[in-house]
Undergrad: 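This is the structure I want to talk about, given as structure tokens.
Counting starts at 1 for both ligands and their atoms, following the listed order. Numbers here are sequence positions counted from 1.
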Amino acid sequence: MAKDIIIAPSILASDFSKLGDEIAAVDRAGADWIHLDVMDGNFVPNITFGPPIIKAVRKSSKKVFDCHLMIENADLYLKDFADAGADMICVHEEASTHLDRSLQVIRDLGCKAGVALNPHTSEHTLEYVLDRLDMILLMTVNPGFGGQAFIPSVIDKVARVKAMIGDRDIHIQVDGGIDPTTAPLVAAAGANSLVAGSAVFKGGTEEAYRANITAIREAAQKAQ
Ligand code: DX5
Ligand code: ZN
């Protein structure tokens, strides 16, 4: 049976001047998870925020805090993210030297463990860590910025990952350019956790967020 669709608004597209209020608004508007994009200006050409900000906004929602680490040397900071209130910690395969160890550490910290793959990275890099994983994030844009165009070649990769994980309880997440037009393509291929920044936060009000989340969810559910 297909897993339930999870909508994870990326706060990268929110108004940072009122970040706590924005998180509370998407929570009330139907978000399942809150997706937090951490960028270091090194692994990706952009800088966002780190554990102190996550800790500060943790009180704004009880939903799953899904932390997408686009950083080098993530091992040095895993405990800080766990202490800040992360529920899911997702590291990039391309930024990891000892991925197996990093995933063990994340679970030992009491968090769910995810690995993100850039559009060009083969899913085969994860074959030997599948039993340490709670989520595989397939980037549908090159990481670093919101508002980029969806890369269609990742649709086949979603289907290959779906086959690779078999009956393991692993979420398949997609991130980048997800909207009511692209959500059905990835949901039909097997993705169940959909990150969306621009497509959720457009309109700038809680009512708009509710309509945007509903539109993405319904489009994905119909395609499952
Ligand atoms: C990109 C980030 C995404 C981004 C998605 O590096 O990982 O989470 O916020 O933004 P949209 O949905 O606007 O493509
Ligand atoms: Zn992300």
Side-chain angles (χ1 to χ4, degrees), residues 5-16 19 22-23 26 29-50 53-54 57 63-72 74 81 86-96 112-121 134-155 157-158 171-187 191-204 208-209 211-217 219-220:
I5 293 292
I6 291 163
I7 305 294
S10 162
I11 59 150
L12 191 58
S14 72
D15 181 344
F16 278 10
L19 189 51
E22 291 276 71
I23 289 173
V26 281
D32 299 298
W33 295 356
I34 307 297
H35 184 84
L36 299 120
D37 286 304
V38 177
M39 305 189 188
D40 67 352
N42 191 13
F43 178 62
V44 287
N46 196 1
I47 300 175
T48 54
F49 51 80
I53 301 283
I54 293 174
V57 296
K63 302 268 169 82
V64 167
F65 266 27
D66 165 30
C67 296
H68 176 191
L69 306 189
M70 287 161 274
I71 64 174
E72 304 280 357
F81 284 103
D87 298 295
M88 169 78 75
I89 298 180
C90 187
V91 296
H92 264 265
E93 189 277 336
E94 303 85 358
S96 304
K112 301 283 189 193
V115 178
L117 300 181
N118 283 336
H120 77 279
T121 304
D134 300 294
M135 185 175 82
I136 296 173
L137 192 182
L138 299 176
M139 291 304 301
T140 37
V141 297
N142 289 293
F145 303 95
Q148 303 181 79
F150 177 84
I151 299 174
S153 63
V154 184
I155 298 169
K157 193 175 172 184
V158 172
H171 296 289
I172 301 179
Q173 185 175 68
V174 286
D175 183 6
I178 301 298
D179 61 21
T181 310
T182 53
L185 307 175
V186 286
N192 72 292
S193 173
L194 311 184
V195 176
S198 324
V200 166
F201 284 96
K202 72 173 189 207
Y209 303 163
N212 296 338
I213 289 170
T214 302
I216 298 166
R217 191 191 304 283

Undergrad: Would one find an N or O of Asn142, backbone or side chain, under 3.5 Å from an N or O of ligand 1?
TA: no
Undergrad: Please determine if Pro143 has a nitrogen or oxygen closer than 3.5 Å to a nitrogen or oxygen of ligand 1.
TA: no
Undergrad: Would you mind checking which non-hydrogen protein atom is closest to atom 1 (C) of ligand 1, with the distance to 0.1 Å?
TA: Phe145 O, 3.5 Å
Undergrad: Short question: side chain of Asp37, backbone of His68 - any donor-acceptor pair under 3.5 Å?
TA: no
Undergrad: So, Asn46 side chain and Gly144 main chain: donor-acceptor pair closer than 3.5 Å or not?
TA: yes
Undergrad: Would you check the N or O atoms of Gly147, main chain and side chain alike, for any that come under 3.5 Å of an N or O of ligand 1?
TA: yes
Undergrad: Under a 4.0 angstrom heavy-atom cut-off, which atoms of ligand 1 come close to His35?
TA: 8 (O)
Undergrad: So, Asp134 side chain and Met88 main chain: donor-acceptor pair closer than 3.5 Å or not?
TA: no
Undergrad: What protein heavy atom is closest to atom 2 (C) of ligand 1, reported as residue, atom name and distance in Å?
TA: Asp37 OD1, 3.5 Å
Undergrad: Considering the heavy atoms of Gly146, write down every atom of ligand 1 situated less than 4.0 Å from one of them.
TA: 10 (O), 13 (O)
Undergrad: Check all N, O or S atoms of Asp37 and name the one closest to the Zn ion (ligand 2).
TA: OD1
Undergrad: Can you confirm whether Lys112 is buried at NZ, in the sense that more than 12 heavy atoms of other residues, nucleotides or ligands lie under 6.0 Å from that atom?
TA: no
Undergrad: So which heavy atom in the protein is nearest atom 9 (O) of ligand 1, and how far is it from that ligand atom?
TA: Ser10 OG, 2.8 Å
Undergrad: Answer yes or no: is there a donor N or O on one side and an acceptor on the other, between the side chain of Thr182 and the main chain of Gly177, under 3.5 Å?
TA: yes
Undergrad: Which N/O/S atom belongs to Asp175 and is the closest one to the Zn ion (ligand 2)?
TA: OD2
Undergrad: Assess the side chains of His92 and Glu94: does a donor N or O sit below 3.5 Å from an acceptor N or O?
TA: yes
Undergrad: Which ligand 1 atoms, with their elements, are less than 4.0 angstrom from a heavy-atom of Met70?
TA: 6 (O), 7 (O)
Undergrad: Of all the atoms in ligand 1, which lie at a distance below 4.0 Å from a heavy atom belonging to Val195?
TA: 8 (O)
Undergrad: Is Met39 in polar range of ligand 1, meaning some N or O pair under 3.5 Å apart?
TA: no
Undergrad: Closer than 4.0 Å to some heavy atom of Gly176 - which atoms of ligand 1 meet that?
TA: 14 (O)
Undergrad: May I ask you to decide if Phe43's main-chain N or O and Asp40's side chain share a donor-acceptor pair within less than 3.5 Å?
TA: yes
Undergrad: With distance as the sole test, does Asn212 use its side chain to make a donor-acceptor pair with the main-chain N or O of Val200 at under 3.5 Å?
TA: yes
Undergrad: Under a 4.5 Å cut-off applied to non-hydrogen side-chain atoms, are Phe49 and Ile11 in contact?
TA: yes
Undergrad: For atom 6 (O) of ligand 1, grab the closest protein heavy atom and report residue, atom and distance to one decimal in Å.
TA: Gly144 N, 2.8 Å
Undergrad: For Ser198, counting its heavy atoms only, list the atoms of ligand 1 lying under 4.0 Å from any of them.
TA: 11 (P), 12 (O), 13 (O)
Undergrad: I'd like to know if the side chain of Lys157 and the backbone of Leu138 have a donor-acceptor N/O pair within less than 3.5 Å.
TA: no
Undergrad: Any nitrogen or oxygen of Gly197, side chain or backbone, less than 3.5 Å from one on ligand 1?
TA: yes
Undergrad: Within a strict 4.5 Å, meaning less than it, do heavy atoms of the Pro9 and Tyr209 side chains meet?
TA: no
Undergrad: Would you mind running through ligand 1 and noting each atom that sits below 4.0 Å from a heavy atom of His68?
TA: 7 (O)
Undergrad: For the Zn ion (ligand 2), find the closest N/O/S atom on His68 and give its atom name.
TA: ND1
Undergrad: Using a strict 4.0 Å cut-off to heavy atoms of Asp175, name the atoms of ligand 1 that fall inside it.
TA: 2 (C), 3 (C), 4 (C), 5 (C), 7 (O), 8 (O)
Undergrad: If we only count heavy atoms from C-beta on, is the Phe150 to Thr181 side-chain gap below 4.5 Å?
TA: no
Undergrad: Checking Thr140 side chain against Val174 main chain: does a donor-acceptor pair fall under 3.5 Å?
TA: no
Undergrad: Starting from atom 14 (O) of ligand 1, what is the nearest protein heavy atom, named by residue and atom, and what distance separates them?
TA: Gly177 N, 2.8 Å
